[in-house]
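Notes follow the structure.
Indexing begins at 1, ligand by ligand and atom by atom, following the structure's order. We're numbering straight along the sequence, starting at 1.
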Amino acid sequence: MNGVCLPAQSEGGKAPHHASVYDDILKTARETWQNALGNCNGCGLCASRCELFGDGIASMSDIVGSGMVLLDAIEELFAESGFDDRTISDTIHTHTEKYDKLYSLTRRCCLCNNCTARCPGAVRADRVMRPWRALYQRSGLFGTVNNDLKSVEVDKEWHLFSVYRHLNGVFYPEFIHLDDAGPGQVDTLFFPGCTMVTYMDDSVRATGKLLDDRGYRWAIDLGCCGSPLVGRGLPERVETLQRKLLDRCHAAGIKRIITVCAGCEMELVEAVGKHGVGAPEVISLPQLLVDLGVDLPESPQDVAFFDSCHDRSQSHGSPLRRMFAGCSICKLEHEGQDTLCCGAGGAVSSFDAEIGGIRAGRILEEAVAAGAKILISSCPTCAYTFAFQKIYGNPPSESAGIECRHYLELLFGIETDWSQVFARAEWMWTGEHSAWVLSELT
Ligand code: SF4
Ligand code: SF4
């Protein structure tokens, strides 16, 4: 059975197929997995690059092949008897119970793409995993274990980030906001991304001042690129959020979007690609800083760079290294195209509360092994994750001692007080507004 488009009426004269909440997901899954199967030669290189493989899963082709078995089972059931969404959900649940190792892998995957970074067939792991996440979300599998979806519904008014900003007065009234820009007032959007705009407000303000000083006509947006919804298998909501952002950019006359997070950049570049002619250019802040000839105030020594797993093309990492060219740089075992995940990717904590800390800890250990005194992140979420790991992860003393900084802190002479950030985040849940926070986020 080749296509996933279900017939209006089966050959046996069964009831017509009514629109299913699964229709788009099943269609996307089959297209994506067929494409991956066509490009995968089964060499197993991917499996050798990630500890999640094994237990009978020898390569990405096993993950994709199992997906095709599931899709075929769904189609065959329909052809035999027709069914409703409940039957599809049950079929997905049965499949995950039967192939529990595969379910575990696809839930623990942080969508980092390290496994396929050097794939000879250019298969992308995150593309393979997204349909699995969508099937899990739609069939209720995310809801069975610690469902924290409400806290990261970044397409709604209240989520972890907006609640934190609201309760801690992080509003940026001194800047022009995207939706307030008058005709012809701005042509550049500064898009810090959720983590930076919420927790690194001093760095946001310093970057804004630099843009002012260099004569940019710019606006800020406090919104999200949609990435948290990707890991939770909600592609249609990601697409809607991104389309609205680009429509708002178009209305404000935005010609370029400056990103700090490579994950935002990846999402927005893809969204712009779908949006077509007239869509804004997306550039990385490090590239802009290098183009502007911005210099570091001093050259720290023994630094290592941690590249975001979304930055395998090095649109942030390469200019960053040029900016720090006067420093002695310690090379991590995994960097650039071969970088690992900081531990924050892929919404894995809702399935495995430990694995994020393990991933963050191994990066700190790599930095220590490389002889680094300072671990510099280009991505604000990586900086957040390493700070959290140092404070709460109880790492061994050698890696607990390493300084973890975002490059903007070193550029602007700022030190983000992560202990205060985490204390404020905790207070959200326990302080005087906790009843409201709990009602909005759980
Ligand atoms: S590295 Fe690429 S071609 Fe080789 S098994 Fe993995 S996905 Fe297939
Ligand atoms: S994307 Fe990352 S976590 Fe997922 S299978 Fe590949 S290397 Fe492992």
Side-chain angles (χ1 to χ4, degrees), residues 29 31-69 96 99-137 141-142 227-228 230-233 235 262-263 266-267 270 306-313 332-363 366 379 381-382 385 389:
E31 286 171 1
T32 305
W33 291 339
Q34 261 176 345
N35 184 42
L37 269 185
N39 292 323
C40 173
N41 65 15
C43 68
L45 177 62
C46 47
S48 71
R49 292 172 62 91
C50 176
E51 71 283 357
L52 295 181
F53 286 83
D55 277 334
I57 306 171
S59 75
M60 198 59 71
S61 60
D62 288 342
I63 297 170
V64 177
S66 182
M68 296 299 270
V69 168
T96 57
Y99 302 102
D100 58 329
K101 302 282 192 307
L102 180 125
Y103 177 62
S104 172
L105 186 156
T106 51
R107 286 298 307 270
R108 287 189 171 85
C109 172
C110 57
L111 314 179
C112 72
N113 278 327
N114 183 49
C115 54
T116 48
R118 294 186 183 273
C119 167
V123 174
R124 272 184 57 172
D126 62 336
R127 293 291 175 268
V128 168
M129 299 297 174
R130 286 181 186 201
W132 281 114
R133 295 295 175 92
L135 291 168
Y136 298 156
Q137 179 64 250
L141 280 163
F142 269 90
S227 178
V230 171
R232 282 161 179 83
M266 188 176 84
E267 288 296 330
E270 287 190 20
F306 177 73
D307 294 305
S308 157
C309 61
H310 300 299
D311 193 31
R312 296 187 189 281
S313 65
L332 291 188
E333 184 184 345
H334 297 91
E335 62 171 27
Q337 194 176 355
D338 300 310
T339 193
L340 300 173
C341 172
C342 70
V348 295
S349 61
S350 63
F351 182 73
D352 182 338
E354 308 293 324
I355 198 166
I358 293 169
R359 285 170 173 156
R362 73 184 171 185
I363 304 300
E366 257 193 35
C379 164
T381 301
C382 299
T385 305
Q389 176 67 11

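- Closest to atom 1 (S) of ligand 2, if we only count protein heavy atoms, is Asn113 N, 3.2 Å.
- Considering only non-hydrogen protein atoms, atom 2 (Fe) of ligand 1 sits nearest to Cys119 SG, 2.3 Å.
- Counting protein heavy atoms only, atom 5 (S) of ligand 1 is closest to Gly44 N, 3.2 Å.
- A salt bridge is defined here as a Lys NZ or Arg NE, NH1 or NH2 lying under 4.0 Å from an Asp or Glu carboxylate O, and Arg312 with Asp307 fails to meet this definition.
- Within the protein, the N, O or S atoms lying under 2.8 Å from atom 8 (Fe) of ligand 2 are Cys50 SG.
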Give the intermediate values and the outcome of side chain to side chain contact (heavy atoms under 4.5 Å, CB included) for residues Glu333 and Arg362. CA-CA 11 Å; Glu333 184 184 345; Arg362 73 184 171 185; over 6 Å; no
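- The shortest contact between atom 7 (S) of ligand 1 and any protein heavy atom is with Met60 CB, 3.5 Å.
- A ring-centre distance under 6.0 Å is not found for Phe351 and Tyr136.
- Thr106 places a side-chain N or O within 3.5 Å of a backbone atom of Tyr103 that can act as its donor or acceptor partner.
- Taking the ring axis of Phe142 as reference, the NZ or CZ atom of Arg107 stays within 45° of it and closer than 6.0 Å to the ring centre.
- The SG atom of Cys341 sits 11.0 Å away from the CG atom of Asn113 when rounded to the nearest 0.5 Å.
- When only non-hydrogen protein atoms are considered, atom 4 (Fe) of ligand 1 lies nearest to Cys43 SG, 2.3 Å.
- Protein heavy atom at the shortest distance from atom 6 (Fe) of ligand 1 is Cys46 SG, 2.4 Å.
- Contacts with ligand 1 closer than 4.0 Å are made by side-chain heavy atoms of Ser59 only, the backbone lying farther away.
- At a 4.0 Å cut-off, not a single heavy atom of Ser61 sits close enough to ligand 1 to count as contact.
- The atoms of ligand 1 that sit less than 4.0 Å from any heavy atom of Asn41 are 3 (S), 4 (Fe), 8 (Fe).
- Close contacts of ligand 1 with Leu45, meaning ligand atoms under 4.0 Å from a residue heavy atom, involve 1 (S).
- Proximity to Gly42 (heavy-atom distance under 4.0 Å) selects the following atoms of ligand 1: 5 (S), 8 (Fe).
- A side chain to side chain contact (heavy atoms under 4.5 Å, CB included) with Arg359 is found for one member of Cys110, Cys342, Cys112 and no other, namely Cys110.
- Scanning the protein heavy atoms around atom 8 (Fe) of ligand 1, the nearest turns out to be Cys40 SG, 2.3 Å.
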